[in-house]
Amino acid sequence: ATHGIFSGPALERLRSDAIDLVFTTDTFPMETASATLQEKLHVVSVAPLIAQSIAAIVMHGSISEIFDQQNYR
C-alpha cells in the first residue's frame with residue numbers, strides 16, 4: 001500500500017491467514033495497524049526520498065535523477 005489508511009474492517013481482514021505480509025509506507029500513522037498486524041506489517045520509510053527531493057529542489061537539481069537511481073538499486 002502506498003498510504004496505509006486501514007479503515008473499517010481492513011485490519012481484521014488483513015489479519016486473516018490468507019494474507020502473509022503487508023507492506024506500506026510511513027506516510028500515515030501506523031500505531032494501530034502495527035499493534036493489530038504485528039509481524040505481518042512491514043513499514044518502509046519514505047523520509048530519505050522526500051529529503052533528497054527537497055534538497056534537489058532547493059539546490060536546483062534534478063528530482064528525476066533521484067528516481068532513476070532508485071530504479072537501479
Side-chain angles (χ1 to χ4, degrees):
T2 302
H3 306 288
I5 303 173
F6 303 115
S7 60
L11 290 175
E12 288 305 314
R13 291 177 180 163
L14 292 171
R15 282 182 50 177
S16 78
D17 290 337
I19 304 294
D20 293 324
L21 295 172
V22 177
F23 287 86
T24 188
T25 63
D26 61 350
T27 58
F28 195 80
M30 289 290 124
E31 290 81 14
T32 302
S34 184
T36 303
L37 298 175
Q38 299 174 357
E39 70 278 350
K40 281 188 173 187
L41 182 65
H42 293 270
V43 181
V44 178
S45 177
V46 294
L49 182 60
I50 292 172
Q52 287 177 333
S53 299
I54 292 170
I57 291 168
V58 169
M59 302 299 289
H60 304 287
S62 172
I63 294 176
S64 300
E65 288 179 10
I66 295 168
F67 289 102
D68 285 343
Q69 292 170 6
Q70 294 292 322
N71 291 330
Y72 297 114
R73 289 185 185 175

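Here the closest heavy-atom approach between residue A56 and residue I66 is recorded as CB-CD1, 3.8 Å. Among all heavy-atom pairs drawn from S16 and R13, the shortest one is OG-O, 3.0 Å. Closest heavy-atom contact between R15 and K40: O-NZ, 3.0 Å.
Residues satisfying the side-chain hydrogen bond (donor to acceptor under 3.5 Å, both in side chains) test with T25, not counting sequence neighbours, are T27.
The shortest side-chain heavy-atom distance between D26 and V44 does not fall under the 4.5 Å cut-off. The shortest distance between side-chain heavy atoms of T24 and M30 falls below 4.5 Å. The shortest side-chain heavy-atom distance between L37 and L11 falls under the 4.5 Å cut-off. The shortest distance between side-chain heavy atoms of S34 and V43 does not fall below 4.5 Å. With a 4.5 Å cut-off on side-chain heavy atoms, V22 and F6 count as touching.
H42 has its ring centre less than 6.0 Å from the ring centre of F23.
I63 and V46 fall into different hydrophobic clusters, where Ile, Leu, Val, Met, Phe, Trp and Tyr are joined by side-chain heavy atoms under 4.5 Å apart, directly or via other members. When the side chains of ILVMFWY residues are joined at heavy-atom separations under 4.5 Å, either directly or via intervening members, L49 and I57 end up in a single hydrophobic cluster.
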Could you go through the side chain to side chain contact (heavy atoms under 4.5 Å, CB included) check for E39 and L21 one step at a time?
CA-CA 8 Å; E39 70 278 350; L21 295 172; over 6 Å; no
